[in-house]
S.K.: 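The structure is given below, and queries will be raised subsequently.
The chains referred to below are lettered A, B, ... by the order of the sequence lines, with proteins before strands, and numbering in each begins at 1. Keep in mind that the numbers below use all heavy atoms, side chains included, and drop hydrogens, waters and symmetry copies.
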Amino acid sequence: MPEMPEVEIIKRSLQDRLVGRTIQQVDIMLPRLIKWPTADRFQAITTGKKITSLTRRGKYLLFGLEDDLVIVVHLRMTGKLLYSSANTQQDRFSRIKFYLDNGDMMQYADSRTLGTLYAMSLDELWRITGLSSMGPEPLSEDFTLNYLKEGLKKHKGNIKALLLNQRFIGGLGNIYVDESLAIAGIHPERKADSVTESEVDKLFSSINAVIRDGIEHGGTTFRDYRDGNGHSGSHQFHLRVYGRKLLPCLICGTPIVKIEVAGRGTHYCPNCQR
DNA sequence: ACAGGAACCTGATAGC
DNA sequence: TGCTATCAGGTTCCTG
C-alpha cells in the first residue's frame, strides 16, 4: 500500500512518540508475519527493550533498539502502524501489538497479511535482501541525474518496470511511477534505453517533485493508507493520471487510459505521453 | 536480461 | 439478495 512518501509520513508521525519508550509486551496474533527469526524469538528479544531511533530506508521502517538490535517492518500492500492508548479498541485487522511503558501501544494492522517483520542485530541486516540491495532514493545525494541517465541507457526493458525496481531506485511504487512518467511526458511502455537526453532531465526532476509533493501532502490515501495517528493524506487530490481512467487529462483533455505494464495497472495520457 | 505469470493473502466492489 | 469475477500503494521466485 504505501510508497516512500507514505512510509516517510508514518515515520514522522511515530518518531517522537516512540523514541525513548520501552517495549513492555509484544502480542503476536499472526506469527507467520515474522520472517526473522521465529515469532517466539522475535517476542523474546524485543520485549523489555528501549526504542532508541526510528528511521526509514525506501519503504522499510527500522526501529532501533538498545543493544544494537533493530526491528524492521515492511508494510507491503495493506500494512499499517497505529499508535494509541493501550485500551483503545483494536483495529479490525490488528496482527501484532507492542505495549509501551507509558500505557500506550503501537499495533501492526494488515488486512491482506502480506507485510513482513524482522528483529535482528544491526550487523545482520544483510539478511534482508530487499533492504541491503536497495538503490538510491529520490531526493537523496546518491540519486543523481547521471545515475538515472546511465541506468536507463543500460536497460533494454520498458521504463516502468525499471522505475519500479527497488534495486534501481528505492522507494518508488505504482502510483508515483505513473505520476513521474506523466509529468515527464514519457509513455510507460517505452524502452528505457530509448529515452532521450531531454526526457531524462524531465524525468529526473519529475521523480523528485512527485516524491517531495507526496510527502508535503502527507501521502496518498487511495484506500486505506493512514499515518501513525490514523490520519489520511491528501496527495490523492493532486494526482494527474493514477486512478483517473477515462477522466480528461488535466493538460489536454484526452481521456486517461489504463493498461497493464509490468503486471501493474498503469495510467497514462495517450496524447501527452509518447 | 527481460517478460510474464504465479505465489503470498484478504477484502471491497462491480457486474450479473 | 447473493454469487462470481476482478482488482488492489509490493516483492520474490520460477519458467521460457
S.K.: Contact list please: residues 105-116 of chain A against DNA chain B, heavy atoms, distance less than 4.0 Å, in numerical order.
M.R.: A:Ser111, A:Arg112, A:Thr113, A:Leu114

S.K.: Figure out the CG/C1' separation between A:Leu33 and B:dT10, and round it to whole Å.
M.R.: 12 Å

S.K.: When the P atoms of C:dT11 and B:dG11 are considered, how many whole Å apart are they?
M.R.: 22 Å

S.K.: Expressed as a whole number of angstroms, how long is the span from A:Lys258:NZ to C:dT6:C1'?
M.R.: 9 Å

S.K.: So A:Tyr176, base contact, sugar-phosphate only, or nothing? Heavy-atom distance under 4.0 Å.
M.R.: nothing

S.K.: Using a cutoff of under 3.5 Å, can you pull out all pairs of nitrogen or oxygen atoms linking the protein to nucleotides 12-16 of chain B, with atom names and distances?
M.R.:
from: B:dA12; atom 1: OP1; to: A:Arg92; atom 2: NH1; distance (Å): 2.8

S.K.: Compare side-chain N and O positions of A:Arg76 against OP1 and OP2 of B:dC8 and report whether any pair is under 4.0 Å apart.
M.R.: no

S.K.: Specify the separation, in whole Å, of atom CD of A:Glu260 and atom C1' of B:dG4.
M.R.: 9 Å

S.K.: May I ask you to say what A:Lys35 touches in the nucleic acid, namely base, sugar-phosphate or nothing, with a heavy-atom cut-off under 4.0 Å?
M.R.: nothing

S.K.: Please check: side-chain N/O of A:Thr47 versus main-chain N/O of A:Gln25, any donor-acceptor pairing under 3.5 Å?
M.R.: no

S.K.: Ignoring hydrogens and geometry, is there a side-chain-to-backbone donor-acceptor pair from A:Asn229 to A:His231 under 3.5 Å?
M.R.: no

S.K.: Separation of A:Arg127 atom CZ from C:dT12 atom C1', in whole Å?
M.R.: 18 Å

S.K.: From A:Lys258 NZ over to A:Tyr242 OH, what is the distance, rounded to the nearest 0.5 angstrom?
M.R.: 7.0 Å

S.K.: From C:dT11, C:dC7, C:dT12, pick the nucleotide closest to the side chain of A:Arg264?
M.R.: C:dT11

S.K.: Rounded to whole Å, how long is the line connecting atom CZ of A:Arg95 with atom C1' of B:dT10?
M.R.: 8 Å

S.K.: I'd like to know if A:Lys153 pairs up with A:Glu150 as an ion pair, taking the criterion as any Lys NZ or Arg NE/NH1/NH2 lying under 4.0 Å from an Asp or Glu carboxylate oxygen.
M.R.: yes

S.K.: Does any N or O in the side chain of A:His217 come within less than 3.5 Å of the main-chain N or O of A:Ser234, such that one atom is a donor and the other an acceptor?
M.R.: no

S.K.: Roughly how many Å apart are C:dG2 and B:dC9, using the P atom of each and rounding to a whole number?
M.R.: 30 Å

S.K.: So, does A:Glu3 use its side chain to make a donor-acceptor pair with the main chain of A:Tyr176 at under 3.5 Å?
M.R.: yes

S.K.: Looking at every heavy atom in both A:Val19 and A:Thr52, which two are closest together, and how far apart are they?
M.R.: CG1-O, 3.5 Å

S.K.: Please state the P separation for the pair C:dT6 and B:dG5 - nearest whole angstrom.
M.R.: 14 Å

S.K.: Find the distance A:Leu164:CG to C:dT12:C1' and express it as a whole number of Å.
M.R.: 14 Å

S.K.: May I ask you to evaluate whether A:Gln166 reaches the phosphate of C:dG10, defined as a side-chain N or O under 4.0 Å from OP1 or OP2?
M.R.: no

S.K.: Main chain of A:Val26, side chain of A:Gln43: is a donor-acceptor contact present, judged purely on distance under 3.5 Å?
M.R.: yes

S.K.: For nucleotides 1-3 of chain B, list the nitrogen or oxygen atoms of the protein found under 3.5 Å from its nitrogen or oxygen atoms, one pair per line.
M.R.:
from: B:dC2; atom 1: OP1; to: A:His155; atom 2: ND1; distance (Å): 3.2
from: B:dC2; atom 1: OP1; to: A:Lys156; atom 2: N; distance (Å): 2.5
from: B:dC2; atom 1: OP2; to: A:His155; atom 2: ND1; distance (Å): 3.1
from: B:dC2; atom 1: OP2; to: A:His155; atom 2: NE2; distance (Å): 3.4
from: B:dA3; atom 1: OP1; to: A:Asn158; atom 2: N; distance (Å): 3.0

S.K.: Using the C1' atom as the point on both nucleotides, what is the distance between C:dT4 and B:dC8, in whole Å?
M.R.: 22 Å

S.K.: Walk me through whether A:Ser140 and A:Asp142 qualify under side-chain hydrogen bond (donor to acceptor under 3.5 Å, both in side chains).
M.R.: CA-CA 5 Å; A:Ser140 78; A:Asp142 298 342; 5.0 Å; no

S.K.: For the backbone of A:Val241 and the side chain of A:Asp178, can you confirm whether one donor and one acceptor N or O come within less than 3.5 Å of each other?
M.R.: no

S.K.: Could you tell me the separation between the OH atom of A:Tyr242 and the C1' atom of C:dA8, rounded to a whole number of Å?
M.R.: 7 Å

S.K.: If a pair means Watson-Crick or G-U wobble with both distances below 3.5 Å, what does DNA chain C look like in dot-bracket form, with | marking bases paired to a different strand?
M.R.: .|||||||.|||||||

S.K.: Would you say A:Leu100 and A:Leu18 make side-chain contact, with heavy atoms under 4.5 Å?
M.R.: yes

S.K.: Just say parallel, tilted or perpendicular for the rings of A:Phe143 and A:Tyr147, cut-offs at 30° and 60°.
M.R.: perpendicular

S.K.: Could you list all the ring-ring contact (aromatic ring centres under 6.0 Å, His included) pairs where at least one residue sits in residues 46-105 of chain A, not counting sequence neighbours?
M.R.: A:Tyr60-A:His74

S.K.: Test: salt bridge (Lys or Arg N to Asp or Glu O under 4.0 Å). Region: residues 52-67 of chain A. Which pairs qualify, not counting sequence neighbours?
M.R.: A:Glu8-A:Arg56, A:Arg56-A:Glu137, A:Arg57-A:Glu137

S.K.: Counting only side-chain nitrogens and oxygens, does A:Arg32 get under 4.0 Å of the OP1 or OP2 atom of B:dC9?
M.R.: yes

S.K.: Can you measure A:Ile175 atom CD1 to C:dC7 atom P for me and round it to whole angstrom units?
M.R.: 17 Å

S.K.: Only one of A:Leu114, A:Asp110, A:Ile10 clears side chain to side chain contact (heavy atoms under 4.5 Å, CB included) with A:Leu75; which?
M.R.: A:Ile10

